[in-house]
**Student:** 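This is the structure I want to talk about, given as structure tokens.
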Amino acid sequence: MADRYDPHVIESRWQARWQADRLYHAPDDDPRPKWYALTMFPYPSGDLHTGHWYAMVPPDVAARYRRMLGNNVMFPMGFDSFGLPAENAAIKRGIDPKEWTYANIERMRSQMRMMGASFDWDREVITSDPEYYRWSQWWFLQLYHRGLAYRAEAAANWCPGCQTVLANEQVVDGRCERSDDLVERRFLTQWFFRITAYAEELLRFDGIEWPERIRTMQTNWIGRSEGAFLDFAVDVPGVDEKLRVFTTRPDTVYGATFMVLAPEHPLVDRITTPAQRGAVDSYIEATSRQTEIERLSTEKEKTGVFTGAFAKNPFNGARVPIWIADYVLVTYGTGAIMAVPAHDERDFAFARTYGLDVISVFSRSDVDTSRPLEEAYPSGDRMINSGPFDGTPAAEAIGRVVAHAAAGGYGQATVNYRLRDWLISRQRYWGTPIPMIHCANCGIVPVPEADLPVTLPEHVKFDPTGVSPLTQIAEWVNVECPACHGPARRETDTMDTFMCSSWYQMRYADPHNTERPVSRDAARRWLPVDQYTGGAEHAVMHLLYTRFFWKAARDLGVVEGDEPMVRLFNQGSILGPDGNRMSKSRGNVVAPDDQVAQWGSDAFRCQLMFVGPWDQGGPYNPTGMAGIVRWLHRLWSVATEPPVLTDTPGTAEARALRRATHKTIRDVTLELEGFRFNTLISRLMEHSTAMQKARDRGVADRAAWDEAVDVALLLTAPLAPHVTEELWAQRGRPYSIHLQRWPAFDPELARDDEIELVLQVNGKVRDRLHLPADAGEAEARAAAFASPKVAALLAGKEPKRVIYVPARLLNIVL
RNA sequence: GCCGAAGUGGCGGAAUGGCAGACGCGGCGGUCUCAAACACCGCUGGGGUCACACCCAUGUGGGUUCGAAUCCCACCUUCGGCACCA
């Protein structure tokens with residue numbers, strides 16, 4: 001009798017063997033078709049937690065399956081290792097961010113080895129290594145030369161907790177996505193990436209299979225809206241300016257009874273009359289003190305102040321008052337609107353509060369336009385009160401009005417986006433230095449490519465001051481200007497870490513290249529990613545940035561094709577046994593190291609996949625582990641303790657076992673293709689039970705039995721790589737099971753020779769019949785009416801209808 | 001407020017127009033054992049019955065259909081996203 005299944009002995013042994021053999025290395029020169037499987041790389045926070053396992057195990061299973069299908073699979077891993085936690089550790093505990101980070105990487109790498117995942121460690125990428133961030137800087141320079149990186153002053157999101165600015169995508173409900181602090185607005189000069197240049201292309205998802213949900217979120221975030229610019233002349237003595245507004249409803253221009261500027265609009269100061277100056281200044285003051293949350297609240301009463309100035313409607317010369325109000329955002333459109341209270345809910349509320357005119361410019365059968373309106377109505381039938389346009393049908397209104405404005409030189413059709421450029425400056429130390437130099441003579445000068453990387457200085461003081469700690473390192477900051485050789489200063493801000501993760505998938509293809517971020521050959525060989533997996537929380541951050549970055553890289557000639565990742569699958573999040581997010585304070589943390597110590601890696605891997613559908617996530621069930629462990633023991637038992645084997649392929653038992661085996665191949669393959677790991681394991685459990693029952697009869701056909709056991713091991717190999725490798729070896733099969741071909745299923749062998757037909761009367765199940773698999777409708781009907789139960793219910797009545805679903809069901813309607 | 005996903009036994013879940021509850025946990029009963037553990041076998045939605053029969057049951061209420069967890073309408077609840085974007 002063979003030894004009992006003891007995961008601890010076999011797992012470390014096989015892990016060492018695989019590593020020594022570089023079993024999972026994807027060679028560049030390999031004739032097999034490539035498959036690039038990628039799962040989002042982790043931040044090295046210290047310990048590998050269950051969430052990491054949950055994110056990494058299923059992609060490992062899928063990658064192993066692909067390898068068995070005959071692909072040259074690249075499944076790399078690395079670390080997204082720049083970022084704030086390292087610096088915060090430095091501030092709190094006086095540890096150097098670099099030491100902290102690299103110690104964590106060391107630890108997490110060893111924890112990942114225990115997972116038994118098939119990562120290609122030869123391709124490891126660490127974003128805080130100078131050999132990596134040198135290329136992040138190189139990308140920055142290329143974007144700068146193309147006009148895609150620029151410096152500008154703008155209202156920036158300032159996180160007081162992180163002591164740095166954030167991109168719009170990193171502000172959630174007015175709070176910092178990382179620290180949850182309330183975000184403040186500050187006007188600062190910062191570096192931006194011109195993601196808006198690709199707004200239109202980012203709305204197209206041609207040729208990629210991404211979840212509808214993610215595509216919708218990105219589409220909404222980009223927020224395309226068609227409309228027009230219209231120019232109103234400012235009617236203020238001594239101010240010769242146009243007031244440009246963006247509107248999606250140029251057809252309502254005759255109903256514009258006032259204008260509204262954002263309080264931060266640059267024209268406010270120049271047009272405000274002396275009489276209104278005090279009110280305007282104090283309103284601006286009050287607005288600037290509000291948090292983003294207060295300001296964006298839709299519940300709040302609309303407030304605003306009259307500037308004392310007027311503008312002239314270019315269509316009819318009407319003189320309309322100019323107000324400022326915080327419901328108009330300086331960051332969207334032109335920061336100014338024409339207000340049409342009759343047809344816009346917000347403008348209507350404002351007009352009501354301040355007693356401003358309301359003019360309807362569309363007729364509508366259910367609205368009496370001669371009486372004061374109770375509420376705004378957005379749409380109507382024909383234009384009214386609109387001079388020469390009166391009578392124009394709504395469908396033609398926008399086109400005619402815009403054409404008129406364009407002819408008159410005071411308007412044009414345009415498309416506006418909600419998406420804003422990506423603010424990438426961070427006032428922190430532990431990030432990629434922005435490779436720019438500020439020279440008093442030459443202005444902004446890029447660091448020459450030959451001087452890259454601009455490395456981070458060491459031994460820095462980290463007290464948060466709101467400016468980058470780098471400013472304090474005189475010997476680092478002060479440099480010679482590359483252009484005029486005069487004294488100059490380095491840019492002291494570092495890049496948003498989302499920059500690092502925007503192109504890491506390219507670097508895995510060619511991780512050690514010292515000439516380029518990725519060679520043309522490597523890019524052609526490996527890119528794009530065939531299957532990407534990760535959490536959906538990155539929908540409008542990483543997943544949008546990386547698409548932008550790829551398109552820019554394509555236009556720079558570095559990569560080919562339009563999209564970085566062909567297929568995307570988002571897993572859900574694994575929760576504690578109590579259904580809450582795992583946290584130390586709740587005491588519901590499941591530590592992978594403990595689970596592995598207790599049950600082994602194979603069992604933990606399988607249990608994570610078995611608890612439910614991967615895309616839904618859900619609570620981890622530690623007591624359910626018993627079922628998985630029993631199943632693995634059963635697999636061990638049938639593989640090591642066969643029945644007496646005979647050469648009797650023709651028996652019913654032999655055929656039944658082969659049928660079970662081939663149905664399992666068919667089902668498991670389908671489940672695997674669909675990433676349905678929980679039901680996949682169910683199918684494998686059923687097959688193990690079938691084998692056990694066959695074994696317990698004491699005798700089995702040799703060919704059917706060997707096939708059943710071999711197939712069970714092969715199909716289980718991606719999920720439980722260690723125990724299957726061990727059993728495969730014990731059966732004397734060639735090393736390694738993970739290099740074997742995925743079994744093929746034979747439909748002939750999988751076919752049933754008997755079917756169960758459900759008999760219904762009036763849609764209710766009354767009986768079941770067993771018929772030969774090749775029985776047709778006529779036989780089925782005959783057998784059904786012969787059933788005593790059916791006959792009793794029929795009681796001699798003539799059926800109205802008989803519905804027959806081949807090989808499944810027969811329903812008699814009375 | 002708007003958009004989307006979901007709601008099924010004691011629990012995780014399966015079934016996406018055709019046998020509701022696969023698979024597993026837990027529970028109950030049994031075999032083995034001096035005993036326990038492990039393992040194995042049987043039962044396990046509710047009512048009803050000695051046992052069958054039968055009836056009820058997939059958040060709630062309607063509808064479509066021979067037939068609905070599945071499709072449609074309304075509502076309730078939970079989760080996610082968006083939320084003055086002119």
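Chain letters run A, B, ... following the sequence lines, proteins first and then strands; every chain starts at 1.
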**Student:** Taking CG from A:L769 and P from B:G18, how many angstroms apart are they, rounded to a whole number?
**Tutor:** 20 Å

**Student:** Looking at B:A15, which nucleotide sits across from it as a Watson-Crick or G-U wobble partner, both distances under 3.5 angstrom, or is there none?
**Tutor:** none

**Student:** Nearest to the side chain of A:A626, heavy atoms from C-beta on, is which of B:G26, B:A14, B:C40?
**Tutor:** B:G26

**Student:** Considering only side-chain heavy atoms of A:R630, which listed nucleotide, B:A22, B:C38, B:C40, is closest?
**Tutor:** B:C40

**Student:** Partner of B:G26 by Watson-Crick or G-U wobble geometry, both contacts under 3.5 Å, or none?
**Tutor:** B:U44

**Student:** Nearest heavy atom decides the nucleotide; on that basis, is A:G618 or A:E756 closer to the 5' end of RNA chain B?
**Tutor:** A:G618

**Student:** Which comes earlier along RNA chain B counting from the 5' end, the contact point of A:E671 or that of A:P619, where each point is its nearest nucleotide?
**Tutor:** A:P619

**Student:** Quick one: A:L575 CG to B:G12 C1', roughly how many Å, whole number?
**Tutor:** 12 Å

**Student:** Taking pairing as Watson-Crick or G-U wobble with both contacts under 3.5 Å, can you name the mate of B:A39, or confirm there isn't one?
**Tutor:** B:U31

**Student:** Side chain of A:V611, heavy atoms from C-beta onward: which of B:A86, B:G81, B:G12 has the nearest atom to it?
**Tutor:** B:G12

**Student:** Give me the one residue out of A:I337, A:L356, A:V358 that meets side chain to side chain contact (heavy atoms under 4.5 Å, CB included) with A:D347.
**Tutor:** A:I337

**Student:** Could you please name the partner base of B:C50, counting Watson-Crick and G-U wobble pairs only when both distances are under 3.5 Å?
**Tutor:** none

**Student:** Select one nucleotide: of B:G18, B:C25, B:G12, the one nearest the side-chain heavy atoms of A:T623.
**Tutor:** B:C25

**Student:** What nucleotide among B:A14, B:A86, B:G18 has an atom nearest to a side-chain atom of A:T679?
**Tutor:** B:A14

**Student:** Whom does B:G4 pair with, Watson-Crick or G-U wobble, provided both distances fall under 3.5 Å?
**Tutor:** B:C79

**Student:** For the backbone of A:E754 and the side chain of A:D752, can you confirm whether one donor and one acceptor N or O come within less than 3.5 Å of each other?
**Tutor:** no

